[in-house]
Amino acid sequence: MDGYGILIPIILGIWAYISIIAQLTGLWWAEALISGAITGLVVGDINLGLQIGATLTLMSLGMWTYGGATMPDFNTGSIIGTAIGALAGAQANSLEVGLAVAIPTSILMTQLDVLARASTTGFIHAADKHVENGNLKGVTKMHLLGQIPWGLSRGIPVFLAVWLGAAPVQKVIDWMPQWFMGGMSLAGKILPALGFALLLSQMDMKKYWPFLLIGYILFGYLNMPIMGIALAGIAIAIVYTNIKGGAANA
Amino acid sequence: MDGYGILIPIILGIWAYISIIAQLTGLWWAEALISGAITGLVVGDINLGLQIGATLTLMSLGMWTYGGATMPDFNTGSIIGTAIGALAGAQANSLEVGLAVAIPTSILMTQLDVLARASTTGFIHAADKHVENGNLKGVTKMHLLGQIPWGLSRGIPVFLAVWLGAAPVQKVIDWMPQWFMGGMSLAGKILPALGFALLLSQMDMKKYWPFLLIGYILFGYLNMPIMGIALAGIAIAIVYTNIKGGAANA
Amino acid sequence: MDGYGILIPIILGIWAYISIIAQLTGLWWAEALISGAITGLVVGDINLGLQIGATLTLMSLGMWTYGGATMPDFNTGSIIGTAIGALAGAQANSLEVGLAVAIPTSILMTQLDVLARASTTGFIHAADKHVENGNLKGVTKMHLLGQIPWGLSRGIPVFLAVWLGAAPVQKVIDWMPQWFMGGMSLAGKILPALGFALLLSQMDMKKYWPFLLIGYILFGYLNMPIMGIALAGIAIAIVYTNIKGGAANA
Amino acid sequence: MPKENEKNKIDKRILKKSLYRDMFTLQWSWNYERMQALGFLWAILPVLQRIYKKGDKLKEAMKRHLHFYNTNPVMSPLILGASIALEEDKNGDASSSIKVGLMGPLAGIGDTLMAVLYRPIIAVIAASLAMGGSSLGPILIFLSGILWMGLKVPLFWLGYNKSTALIGDVIGDGIVKKATEIASIAGLIVIGGFIPSILSRVKTPLKFVKTVTIKGEAVEKAVELQGILDKLLPHLIPIAIVGLSYWLIKRKLSPVKILLVLLALSFITNILGIL
Amino acid sequence: MPKENEKNKIDKRILKKSLYRDMFTLQWSWNYERMQALGFLWAILPVLQRIYKKGDKLKEAMKRHLHFYNTNPVMSPLILGASIALEEDKNGDASSSIKVGLMGPLAGIGDTLMAVLYRPIIAVIAASLAMGGSSLGPILIFLSGILWMGLKVPLFWLGYNKSTALIGDVIGDGIVKKATEIASIAGLIVIGGFIPSILSRVKTPLKFVKTVTIKGEAVEKAVELQGILDKLLPHLIPIAIVGLSYWLIKRKLSPVKILLVLLALSFITNILGIL
Amino acid sequence: MPKENEKNKIDKRILKKSLYRDMFTLQWSWNYERMQALGFLWAILPVLQRIYKKGDKLKEAMKRHLHFYNTNPVMSPLILGASIALEEDKNGDASSSIKVGLMGPLAGIGDTLMAVLYRPIIAVIAASLAMGGSSLGPILIFLSGILWMGLKVPLFWLGYNKSTALIGDVIGDGIVKKATEIASIAGLIVIGGFIPSILSRVKTPLKFVKTVTIKGEAVEKAVELQGILDKLLPHLIPIAIVGLSYWLIKRKLSPVKILLVLLALSFITNILGIL
Ligand SMILES: OC[C@H]1O[C@H](O)[C@@H](O)[C@@H](O)[C@@H]1O
Ligand SMILES: OC[C@H]1O[C@H](O)[C@@H](O)[C@@H](O)[C@@H]1O
Ligand SMILES: OC[C@H]1O[C@H](O)[C@@H](O)[C@@H](O)[C@@H]1O
């Protein structure tokens with residue numbers, strides 16, 4: 001098989017749109033495993049979708065958009081990878097082909113994520129104006145329309161990639177120089193740093209920085225798992241506030 | 001040799017009675033090693049008593065009747081095991097026979113321990129009444145008689161087992177189904193939990209629970225030996241009270 | 001070559017004098033590696049100086065005159081060792097010979113260090129008198145002359161050892177009994193204890209001893225490297241004073 | 001503690017409307033500049049309309065709630081609930097300060113709970129089911145997401161009720177302050193361990209090859225820079241990158257610009273073989 | 001600090017009588033309901049008689065000392081000493097509250113010191129002597145017990161004298177409070193580490209055998225449940241069992257009944273192969 | 001905070017003179033009795049002369065600064081700076097107490113920073129360069145010393161300026177107290193880890209050979225005493241030796257005498273094969 005008609009690309013594009021919005025909502029729909037299974041169902045090779053989705057999900061353990069950081073978009077990668085991989089079905093190496101497409105796609109999508117996150121700034125500025133004019137309807141509209149760049153940044157690439165099919169997608173990926181892919185992949189590892197910095201900037205660091213240091217020591221020097229650090233955090237926080245409170249009331 | 005006369009069972013029964021009372025006192029007389037040696041002396045095979053006693057003592061490392069919990073009664077096990085083992089003397093496998101009797105006996109004795117601990121409730125209720133009537137003699141009597149169930153719960157089984165001798169004891173043990181022995185043995189490991197819970201219920205947990213958590217983290221996540229935890233406990237307790245005291249006085 | 005003239009011994013003796021004074025100043029001139037290189041330069045075998053100096057420097061990692069404690073004098077050892085070793089140059093085992101001299105010398109010099117540190121007491125007593133008499137010049141003089149015992153305690157032995165040359169030095173070392181060298185070497189490991197005790201005696205231990213215990217636990221039970229302990233120290237100190245301060249102000 | 005002034009008491013229907021708006025759309029208009037600000041405003045809007053009716057008071061309240069806001073989505077209803085309860089009492093300032101005080105700590109705590117404790121356990125089980133060919137994998141992860149999402153409802157009421165309870169008290173003080181403090185401390189400790197844990201894959205591959213010559217023998221020895229750095233300070237590189245980003249934020253650089261800086265850094269260090 | 005009111009001062013003979021009663025018989029009437037209560041009452045009885053002579057005052061004092069009491073036997077004289085000193089001052093309430101305050105922490109500390117630090121060292125040496133055939137083994141352990149028991153005497157006088165010293169002060173406050181606090185904190189930290197350490201043998205043997213099929217190959221993989229639990233929370237099962245017992249105590253279930261619950265649990269989980 | 005009384009303000013030339021004296025000669029007259037006392041006096045002398053001119057006031061000030069003084073040389077200018085600022089304000093007592101308060105902690109911190117963190121890193125690199133035959137080794141270590149030494153200048157001004165800043169306040173209180181407290185705590189924690197780390201080579205080689213006989217077989221088993229000690233308390237021997245020295249100091253034994261004790265101990269334990 002060399003390509004899909006128009007229907008399957010449209011369906012998958014819409015799913016890509018919907019899943020990212022549901023993810024913003026807090027549901028876990030933009031999960032590589034879920035999207036892989038759904039894509040597999042749509043293109044008729046559910047097992048392939050499960051394999052690709054599971055692989056990507058395992059790659060994403062511990063990753064999150066901390067503080068609004070960008071991470072590799074394994075969801076989009078999973079959809080496109082499964083769809084392209086299924087085309088190679090006959091040759092029985094669909095899994096290799098699929099992953100070879102899915103992983104670079106996940107990384108490349110970081111660029112579109114950044115774009116989407118930046119472009120939505122327009123909506124909040126418009127909302128400012130509507131507030132000034134007391135136009136509540138306008139405020140509502142700005143908020144609800146805010147999702148469009150988010151959805152399109154996923155829907156369009158999925159539609160295009162699935163519609164164009166294996167050969168052009170592969171060509172695009174092959175065309176990327178090695179240094180570019182390497183840099184993108186490194187960026188994927190580094191970008192959570194921004195999120196953490198944003199999180200920290202929301203806290204009263206001046207007052208509480210030693211606790212950041214304590215957490216670091218527990219992990220960096222004592223190799224404590226996060227669960228242990230969380231428990232220690234609770235114990236220390238309670239003791240600290242008890243002493244302060246008790247002392248202040250004494 | 002197939003059995004003992006009446007004298008040796010009586011002597012060992014009395015020792016069993018005395019040793020548990022001395023143990024309640026805080027002396028370490030109900031130690032498998034001590035009772036093993038004494039039994040060995042009485043039945044004429046001191047080395048056997050040492051071997052069985054030492055084995056059981058090593059099994060009891062760290063065990064204690066925390067908060068009044070029940071633990072396997074290695075003391076009684078050691079007496080009976082040594083006495084029965086010595087009967088097999090000629091066949092030269094007295095150690096194996098002795099331990100095969102001693103270990104299940106230690107576990108089974110937990111049942112009698114529970115019984116003894118429960119039955120003594122009568123004495124305290126009687127003491128309540130004597131107090132009400134201002135009868136000091138009665139109070140004294142209730143306290144001093146309180147030891148009887150304790151002593152008998154050890155003395156009688158020892159007397160009986162040694163008097164009856166190897167064959168019947170073995171029969172009783174063999175007759176126990178596998179699930180029963182397994183359950184008893186698991187119970188022996190689980191019962192200290194009750195003791196700890198009793199201990200905790202004596203403390204002001206509402207105020208100090210985070211410290212329990214800290215101790216847990218030190219052991220569970222950092223594998224600190226108890227000695228280190230004890231030192232940490234002291235350091236933390238002093239620092240805590242110094243801050244509170246200092247602050248309250250400031 | 002069997003010995004040096006008078007010039008080289010004098011030069012090296014002066015360097016030994018200067019380097020210890022510079023070390024007192026806080027510069028790192030009494031470093032085995034530096035003195036080894038300089039000696040090597042002077043006696044014409046710089047590589048030998050580097051090898052001996054580097055070896056001794058590595059032996060001194062973490063050593064320091066904590067609180068005024070004595071440590072093996074690797075600096076003097078390095079000078080004498082390099083100079084003596086170079087004499088053996090022709091036989092090509094200069095490094096072995098050099099180290100065989102340098103290491104015992106470093107240890108033996110602890111004795112002279114103790115002597116120098118003790119003899120300077122005279123200067124401070126004299127200074128007390130000058131202060132009483134309002135004689136500022138005298139005070140200045142006492143301070144500046146204070147360095148002489150320090151300098152001589154290094155300069156003279158270096159001069160003598162280099163001037164006398166290989167055979168006598170070796171003889172002195174050989175003549176030392178085994179128990180003496182062993183004791184000296186053990187003393188070298190133990191003496192920092194005095195320094196630590198002196199440091200501790202300068203602190204308000206009555207108030208802060210639990211923190212000493214905490215540091216000990218971090219190293220002794222959790223094997224934390226000193227860097228981690230230092231970070232933990234900072235975090236704990238800040239949290240402690242914040243609570244106390246905060247509470248006092250509350 | 002009975003409220004002195006019951007006239008502002010908002011009926012449950014409006015409260016639920018607010019909750020559902022936060023629950024389902026909070027991040028729809030997410031953007032780098034003020035992140036979830038507009039989402040929060042839209043969520044609390046029904047409440048503001050009910051309290052301030054219209055005019056300048058309403059405008060002012062709306063502006064207040066358009067300030068920067070960002071937290072973990074599941075934790076947001078907790079803040080929303082508390083914020084609403086304070087608005088009910090016409091205490092707009094407290095309403096703002098509780099938002100600012102709690103959003104940071106709860107972002108840290110919520111993200112960690114989810115991304116490192118809850119999700120990985122689910123994800124590993126689900127992935128291994130899926131790899132075994134079972135469709136239970138994606139279904140498990142799907143249901144777990146719904147479960148997690150479901151936490152928003154009780155958290156909203158918790159925030160709303162607890163906050164109401166303190167209103168008779170000195171607002172912003174007492175329990176609110178204590179809660180913020182506990183959340184801040186626990187949050188920072190967790191983040192402190194979290195940063196090096198998540199970023200621990202950022203390492204330098206640099207090696208120094210040193211030719212050591214002792215007695216004529218030339219031996220090649222490779223020293224790994226990462227090993228040296230680890231001795232100096234474990235996870236030094238990740239910490240430095242987070243530190244740089246934090247410093248740039250404090251210098252008022254916008255997140256998009258910092259992102260570009262980090263991208264540039266990635267490409268350059270990758271090409272140079274430094275990272 | 002001289003005592004204002006010396007008339008209650010009890011002579012040493014009576015004090016010693018009290019000490020020896022506690023020392024040798026404290027637990028003779030041990031029972032699940034009030035544990036060492038009767039033993040403590042009998043120990044302090046000579047003192048109460050001396051102070052309250054007879055009648056209602058004495059009765060009241062006796063009742064007070066029949067309340068629940070349980071601690072490590074070696075630590076008991078410390079509490080007894082302090083308690084007596086407070087009774088001397090006719091401060092019965094303080095006498096009761098110091099008992100309640102110290103018995104828990106000192107039970108934890110005393111049990112730990114003995115059962116994990118002191119006894120195991122002795123026991124290992126003694127056992128290895130005995131296995132080598134030497135009768136020194138049992139003798140060593142015997143003497144060590146006497147040594148441990150001997151601690152009771154100085155601890156009694158410590159408790160008596162320190163407590164006396166504070167009586168001029170506000171009683172129950174100051175040092176007593178501080179001592180209780182230190183003992184509680186150190187005690188709980190130790191118990192916190194102690195529980196999982198002692199109960200660490202309670203583990204589940206359950207295994208899941210999973211058939212993973214990748215590219216047609218069917219591989220059998222055994223996953224041990226205990227390993228997963230350990231990642232979730234180390235020593236989860238022991239903690240859960242202690243937690244259950246604690247909860248049952250707080251629900252006022254008697255120790256005997258909880259014991260039956262634990263026995264049932266042991267049999268059931270053992271038969272089902274869960275534990 | 002402007003100083004009310006500017007007439008004591010010392011011009012920079014004199015301050016620098018003081019700094020350079022401390023910087024280059026502090027330890028020239030080092031001795032066991034008062035260590036760096038005379039060095040400190042000589043350093044601060046120009047300042048004292050400027051403030052107290054001559055006569056009894058000057059004499060008194062000089063005596064004050066001849067008291068025991070000892071700290072890490074690089075940290076000394078920090079203390080000197082603070083001390084000068086307080087003398088400027090004619091607050092001699094505060095000047096003394098800041099010396100006593102800071103010298104201990106800063107000795108601990110400075111020594112550790114240098115001897116365990118900074119120097120070893122340099123020394124390892126330098127030594128490996130030198131072993132490879134490169135003269136860069138000694139040069140590197142030489143320059144690193146100068147760099148370290150250079151810290152003295154900013155530390156001096158830090159001490160001088162910060163201390164000046166507080167003079168309007170209650171002197172000796174507030175920030176000074178807090179700084180001393182932080183330094184003491186951090187210092188003691190570091191020293192607590194440092195002692196066993198530095199002295200960890202002091203171990204006992206003693207072994208007990210035990211003949212265990214089980215069922216006729218005689219097996220020889222060697223038990224290392226050090227292993228037993230480590231289980232009891234890690235690094236017990238070093239701690240005992242430091243403890244002994246500390247106790248001797250508190251008993252007013254002079255350092256030289258303690259040194260002789262330690263020497264004797266070394267020889268005896270070495271000959272007996274104990275250490
Ligand atoms: O980190 C807090 C928060 O930041 C952003 O708003 C998003 O990335 C959320 O997913 C995240 O929970
Ligand atoms: O745990 C405290 C205490 O509880 C019970 O009274 C007994 O088991 C004692 O042996 C134990 O020391
Ligand atoms: O320990 C503080 C200090 O003590 C002495 O004065 C010297 O040994 C210094 O080198 C050291 O820094």
Side-chain angles (χ1 to χ4, degrees), chain B residues 24-28 31 33-34 37 47 50 54 57-58 61-62 64 66 68 114 117-118 120-121 123-124 127 131 134 140 143 146-147 179 182-183 186-187 189-194 196-197 199-204 208 211-212 214-216 218-220 226-227 229-230 233-234 237 240-241, chain E residues 24 27-29 31-35 38 42 59 62-63 73-74 103-104 107-108 111 115-116 120 123 126-127 130-131 133 137-138 141-142 145 149 178 181-182 184-186 188-190 192-193 195-198 201-202 234-235 241-242 245-246 249 256 258-259 262-263 266-267 270-271 275:
Chain B
L24 284 178
T25 293
L27 286 166
W28 296 354
E31 276 289 346
L33 186 49
I34 294 176
N47 194 52
L50 290 175
T57 282
L58 289 178
L61 291 183
W64 189 248
Y66 304 108
V114 168
R117 284 170 188 271
T120 41
T121 317
F123 295 89
I124 190 135
V131 162
T140 299
H143 174 57
Q147 39 132 333
W179 65 261
L186 178 56
K189 293 181 203 156
I190 283 184
L191 287 185
L194 172 57
F196 288 125
L199 278 185
L200 291 179
S201 75
Q202 285 177 237
M203 319 271 257
D204 188 347
Y208 296 122
F211 296 104
L212 188 76
I214 289 175
Y216 165 72
L218 292 181
F219 181 83
I226 290 291
M227 185 67 175
I229 297 179
I234 291 168
Y240 181 91
T241 48
Chain E
F24 293 110
Q27 301 197 100
W28 283 23
S29 55
N31 61 82
Y32 276 127
E33 199 182 291
R34 276 176 263 161
M35 304 205 172
L38 182 50
W42 194 62
K59 217 180 269 182
M62 286 166 70
K63 275 189 199 161
V74 159
M103 65 183 186
D111 283 3
V116 204
M131 286 187 156
I141 214 165
F142 179 82
M149 178 98 176
K178 198 167 170 179
E181 185 146 68
I182 291 179
S184 298
I185 293 175
L188 276 173
I189 291 178
V190 166
I195 290 176
S197 135
I198 294 298
R201 290 169 314 151
V202 182
H235 311 283
I241 297 173
V242 174
S245 311
Y246 182 76
I249 293 170
V256 186
I258 302 176
L259 205 138
L262 291 187
L263 271 181
S266 302
F267 276 98
N270 181 57
I271 290 168
L275 289 185

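With a 4.5 angstrom heavy-atom cutoff, B:Met227 touches chain E via backbone and side-chain atoms both. Residue E:Ile198 touches chain B through its side chain alone, counting heavy-atom pairs closer than 4.5 Å. The part of E:Val202 that comes within reach of chain B is its side chain, from C-beta onward, which places non-hydrogen atoms under 4.5 angstrom from that chain. Residue contact with chain E, scored on non-hydrogen atoms closer than 4.5 Å, involves the backbone and the side chain of B:Ala118 alike. Of the atoms belonging to B:Tyr240, it is side-chain heavy atoms, and not backbone ones, that fall under 4.5 Å from chain E. E:Leu38 touches chain B through backbone and side chain together, each having a heavy atom under 4.5 Å away. Using a 4.5 Å cut-off between heavy atoms, E:Met35 contacts chain B through its side chain alone, with no backbone atom that close.
The distance from atom CG of B:Leu33 to atom CD1 of E:Ile141, rounded to the nearest 0.5 Å, is 5.5 Å. One finds the CD1 atom of B:Ile234 at 10.0 Å from the CD1 atom of E:Ile189 (value rounded to the nearest 0.5 Å). Within the model, atoms NE2 of B:His143 and CD of E:Gln27 stand 10.0 Å from one another, a figure rounded to the nearest 0.5 Å. Here the straight-line distance linking atom CG of E:Leu188 with atom OH of B:Tyr208 works out to 9.0 Å at 0.5 Å rounding. Separation of atoms OG1 (B:Thr120) and OH (E:Tyr32) is listed at 9.0 Å; rounding is to 0.5 Å. The line from OG of E:Ser29 to CG of B:Leu24 is 9.5 Å long, rounded to the nearest 0.5 Å.
The minimum heavy-atom distance between E:Ile249 and B:Ser201, with the atom names listed, is CG2-CB, 3.7 Å. For the pair B:Ile229 and E:Val190, the tightest heavy-atom approach, listed with the atom from each and the gap, is CG2-CA, 4.0 Å. Summarising the geometry of E:Ala186 relative to B:Ala237, their closest heavy-atom pair is N-CB, 3.9 Å, with the distance given to 0.1 Å. In plain terms, the two heavy atoms of E:Gly193 and B:Phe219 that are nearest each other are O-CG, 3.5 Å. Contact record, E:Asn270 with B:Gly182: ND2-C, 3.1 Å, taken as the closest heavy-atom pair. Residues B:Val131 and E:Lys63 come closest through the heavy atom pair CG1-CG, 3.9 Å.
With respect to chain E, the highest number of heavy-atom pairs below 4.5 Å among B:Leu199, B:Asp204, B:Thr140, B:Leu191 belongs to B:Thr140. Among the candidates B:Ile214, B:Asn47, B:Ile190, the residue making the largest number of heavy-atom pairs closer than 4.5 Å to chain E is B:Ile190. By number of non-hydrogen pairs under 4.5 angstrom with chain B, the leading residue of E:Ile271, E:Val256, E:Ile195, E:Ile258 is E:Ile195. Contacts with chain B were tallied for E:Gly104, E:Pro138, E:Gly137; E:Pro138 has the most, counting heavy-atom pairs under 4.5 Å. Of all the listed residues (B:Gly26, B:Gly68, B:Gly146, B:Gly183), the one sharing the greatest number of non-hydrogen pairs under 4.5 Å with chain E is B:Gly183.
At least one donor-acceptor pair under 3.5 Å links the side chain of B:Tyr216 to the backbone N or O of E:Pro234.
Ring-plane geometry between B:Trp179 and E:Phe267 is classed as perpendicular, the angle between the planes exceeding 60 degrees on a 0 to 90 degree scale with a lower cut at 30.
Contact of the B:Arg117 side chain with the E:Leu259 side chain is not registered, since no non-hydrogen atoms from C-beta on lie closer than 4.5 Å. Under the 4.5 Å side-chain criterion, counting only non-hydrogen atoms from C-beta, B:Val114 is not in contact with E:Leu263.
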Can B:Lys189 and E:Leu275 be said to form a side chain to side chain contact (heavy atoms under 4.5 Å, CB included), step by step? CA-CA 11 Å; B:Lys189 293 181 203 156; E:Leu275 289 185; over 6 Å; no
Just do the side chain to side chain contact (heavy atoms under 4.5 Å, CB included) check on B:Ile226 and E:Ser197 with the steps written out, would you? CA-CA 8 Å; B:Ile226 290 291; E:Ser197 135; 4.3 Å; yes
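Among residues two or more places apart in sequence or in another chain, the ring-ring contact (aromatic ring centres under 6.0 Å, His included) test is passed with B:Phe123 by none.
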